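Predicted model, so just to flag it, every value in this text is computed and none were measured. In what follows, chains carry the letters A, B, and so on, assigned in the order in which the sequence lines appear, proteins first and then strands, with residues in each chain numbered from 1.
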Amino acid sequence: MNQRIALVGFGMHPFGRHPVSGMAQGVAAAKEALRDAGTEWPAMQFAVGGSVAAGNADAIVAELGLTGVPFINVVNGCATGGSALGTAVHMIASGAHDVGLVVGFDDHPKGAFNPPPSAFGLPDWYGETGLMLTTQFFGFKIQRYLHDYEIPAKLLRTISAKAFRNGALNDNAWRRKPLTEDEIGASTMLADPLTQYMFCSPGSGAVAMVVCRAEIAHRFTSQPILLQACELRSRRFGTFEVFSPWLFPDRTDSVSTDASLAAFESAGIAPADVDVVQLQDTDTGAEMMHLAECGFCQHGEQTELIASGATEIGGTLPVNTDGGCLANGEPIGASGLRQVYEIALQLRGRAGARQVPGTPRIGFTHVYGAPGISCCTVLTT
Amino acid sequence: MTSPDSPAPDRPAIAEGLFFRLGSEPALRGAECAECGCVTFPYQNSCPRCTASAMSELPLPRTGRLWSWTVQGFPPKSPPYASDIPFGPYGVGYIDLGVVLVESRLTEHRPSLLRIGMPMEVVTIAWGDRVSFAFAPVEENR
């Protein structure tokens with residue numbers, strides 16, 4: 001990145017199901033981020049916000065104040081939060097502005113997402129006959145992956161148990177009750193081999209952050225987080241993605257691999273340097289596969305890596321220390337920003353009961369979702 | 001009430017141009033790129049690999065092998081799901097037809113009877129007053 005970017009204030013509304021609207025949660029998160037940065041809404045030179053199901057993000061100006069600020073709404077599937085942050089980065093890097101607010105919130109109905117096929121350029125019969133479910137994609141992908149790399153299916157339970165254990169340490173998480181591997185395995189089978197407690201649920205929540213040129217970060221905080229890279233990619237020909245009526249016989253690297261490689265290259269940092277990681281865990285299989293797709297291990301090495309405890313909070317490669325999507329749910333507009341929020345908390349040493357030991361200095365976040373997009377960030381102290 | 005797995009050759013297809021009917025046997029209707037040979041399903045007008053716009057229709061092979069599978073264990077939301085029979089778990093999978101892998105409902109939903117690599121063939125299934133397609137284990141019909 002030519003222009004160094006800093007994140008200087010963070011706010012979150014707890015994830016889960018709440019009596020307040022997603023938009024009201026967005027307002028709460030925005031106010032908290034401004035407070036955390038020791039600044040006020042009128043000081044924001046721009047704002048970028050995203051929400052898929054809870055209204056236009058820029059409607060929050062009615063609560064925050066009608067200051068005339070240029071406010072851009074971003075809707076970009078599961079990468080909505082990451083795309084909002086990326087847009088803010090470009091607005092600062094272009095020299096147009098020095099400081100602004102990024103906000104993401106959402107509030108989804110209970111149950112699996114059910115977008116109209118036409119929204120994804122797909123024919124109606126694909127939805128009518130019961131093929132258009134994200135849960136099926138994750139079932140297909142992990143089923144084949146376990147087969148190809150001879151990974152035991154019980155590893156899916158181990159990953160899930162970690163998520164809920166970490167969520168229990170997180171006051172902002174939705175699911176805060178630890179579950180045993182047996183309870184996870186015995187829950188309702190939703191998409192073989194994935195059970196109910198191996199999937200995250202659409203929910204509500206909000207995250208906001210104040211973003212500025214790194215040179216002026218000291219005006220806002222003594223603990224700025226540097227955004228070393230924020231890279232968004234869409235699927236290339238030959239990848240296997242959600243909502244695919246057909247696949248090309250010769251497959252290529254996933255969009256997650258493309259986005260993570262771009263982020264590491266842009267930051268000049270390697271996966272081995274990373275101290276704390278956030279990976280998209282729509283389901284436990286996704287966390288397992290994304291470990292390899294994002295370069296943290298070779299395909300098939302997960303069995304040993306996870307069994308060794310490496311991905312636990314006290315391990316060598318802590319993954320989803322806040323419980324990830326599994327424990328927090330997936331309010332799409334906020335989800336990618338939640339990952340950045342958690343890494344910032346860890347790098348600032350403010351993660352409390354779930355603080356990664358030592359002094360973590362480098363973090364990584366990865367979002368994946370429909371229609372085959374991924375956004376990755378690299379963050380440092 | 002109709003079974004989703006009962007053949008119904010006389011009814012219209014769930015979408016025009018989704019498959020050919022060769023006598024009683026269906027074949028999915030794909031598109032083949034004249035420039036690079038890429039095969040898509042369903043038919044589309046331009047090539048997602050080489051970006052050329054010279055696609056011609058192609059009856060896809062009727063048999064292939066199961067590349068991956070899962071079982072839909074909960075009722076999909078309506079819309080977009082539109083079925084006139086009570087929900088029961090159903091199998092879904094990708095079938096490797098050589099030139100392309102297609103996603104499809106399966107006539108089998110019991111995990112113990114599904115395995116990666118098993119041979120399958122395309123069949124028609126009743127879908128309300130129309131006809132859709134599915135893949136069936138070859139052993140079932142021989």
Side-chain angles (χ1 to χ4, degrees), chain A residues 109-148 153 187-196 199 235-240 242-252 285, chain B residues 4 13-15 17-18 28 30-31 38-44 47-51 60 67-83 87 89-105 109 111 114-117 125 127-128 130 132-134:
Chain A
K110 194 171 183 299
F113 293 119
N114 63 326
S118 58
F120 287 83
L122 293 166
D124 289 341
W125 64 262
Y126 188 68
E128 288 173 23
T129 58
L131 295 176
M132 191 158 170
L133 288 105
T134 56
T135 43
Q136 289 176 6
F137 164 76
F138 292 109
F140 289 138
K141 192 175 173 193
I142 192 62
Q143 189 88 264
R144 182 73 200 189
Y145 197 84
L146 296 177
H147 170 86
D148 283 349
S187 62
T188 308
M189 187 63 81
L190 297 186
D192 196 296
L194 300 169
T195 67
Q196 180 181 356
F199 272 109
R235 63 203 183 284
R236 280 188 293 140
F237 181 79
T239 59
F240 176 28
V242 65
F243 301 153
S244 297
W246 63 281
L247 303 177
F248 190 65
D250 299 320
R251 262 164 308 285
T252 189
Chain B
I14 192 167
L18 184 59
L28 299 178
C38 173
V39 174
T40 78
F41 173 76
Y43 182 92
Q44 64 181 63
C47 178
R49 180 162 72 167
C50 76
T51 74
L60 299 182
W67 180 77
S68 190
W69 61 273
T70 187
V71 176
Q72 177 62 33
F74 60 93
K77 286 179 180 171
S78 299
Y81 191 56
S83 171
F87 174 78
Y90 56 89
V92 285
Y94 280 93
I95 296 83
D96 188 344
L97 302 177
V99 292
V100 65
L101 284 72
V102 299
E103 186 181 11
S104 175
R105 282 179 76 112
H109 74 276
L114 292 168
R115 68 183 158 76
I116 288 172
I125 57 171
W127 199 261
R130 296 172 297 168
S132 188
F133 68 95

Next on the checklist: Determine whether Glu103(B) and Leu247(A) satisfy the following criterion, side chain to side chain contact (heavy atoms under 4.5 Å, CB included), listing intermediate values before the conclusion.
Outcome noted: CA-CA 8 Å; Glu103(B) 186 181 11; Leu247(A) 303 177; over 6 Å; no
Item to check | Residues Thr135(A), Phe74(B); criterion side chain to side chain contact (heavy atoms under 4.5 Å, CB included); working and verdict | outcome: CA-CA 10 Å; Thr135(A) 43; Phe74(B) 60 93; 3.5 Å; yes
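Leu131(A) touches chain B through backbone and side chain together, each having a heavy atom under 4.5 Å away. If you measure heavy-atom distances from Ile95(B) to chain A, you find no contacts under 4.5 Å at all. Contact of Ser244(A) with chain B is made through backbone and side chain together, with heavy-atom distances under 4.5 Å. Heavy-atom distances place the backbone of Pro79(B), and not its side chain, under 4.5 Å from chain A. Neither the backbone nor the side chain of Phe87(B) comes within less than 4.5 Å of any heavy atom of chain A. The parts of Pro245(A) that come within reach of chain B are both its backbone and its side chain, each placing non-hydrogen atoms under 4.5 angstrom from that chain. If you measure heavy-atom distances from Ser132(B) to chain A, the contacts under 4.5 Å come from the side chain alone. Residue Phe138(A): no heavy atom, backbone or side chain, is found under 4.5 Å from chain B.
When each of Gln196(A), His147(A), Met189(A) is scored by its heavy-atom pairs under 4.5 Å with chain B, the top score falls to His147(A). Between chain A and the options Ser104(B), Pro89(B), Ala82(B), Pro76(B), heavy-atom pairs under 4.5 Å are most frequent for Ala82(B). Note on Leu18(B), Val99(B), Asp96(B): by heavy-atom pairs under 4.5 Å with chain A, the leading option is Leu18(B). For chain A, the option among Val100(B), Val102(B), Leu97(B) with the highest count of heavy-atom pairs below 4.5 Å is Val100(B).
If you take OG1 on Thr70(B) and CD on Gln136(A), they are separated by 7.0 Å, rounding to the nearest 0.5 Å. The line from CZ of Phe140(A) to CH2 of Trp69(B) is 10.5 Å long, rounded to the nearest 0.5 Å. The distance from atom CZ of Arg130(B) to atom OG1 of Thr129(A), rounded to the nearest 0.5 Å, is 10.0 Å. The distance from the CZ atom of Arg49(B) to the CZ atom of Arg236(A) is 13.5 Å, given to the nearest 0.5 Å. Once rounded to the nearest 0.5 Å, the distance linking CH2 of Trp125(A) with CD1 of Ile14(B) reads 8.5 Å.
Between the side chain of Ser68(B) and the backbone N or O of Gln143(A) there is no donor-acceptor pair closer than 3.5 Å. Distance alone, capped at 3.5 Å, is enough to place a donor-acceptor pair between the Lys77(B) side chain and the Ala112(A) backbone. Between the side chain of Tyr81(B) and the main chain of Met132(A), no donor-acceptor pair closer than 3.5 Å is present. Listed for the Asn114(A) side chain is no donor-acceptor partner under 3.5 Å among the backbone atoms of Pro80(B). Between the side chain of Arg105(B) and the main chain of Gly130(A), no donor-acceptor pair closer than 3.5 Å is present.
For Asp192(A) against Pro111(B), the heavy-atom pair with the smallest separation is OD2-CG, 3.6 Å.
When side chains are defined from C-beta on, Phe237(A) counts as touching Cys38(B), because their heavy atoms get closer than 4.5 Å.
Aromatic ring pairs are classed by plane angle as parallel below 30°, tilted from 30° to 60° and perpendicular above 60°; the pair Trp67(B) and Phe240(A) is perpendicular.
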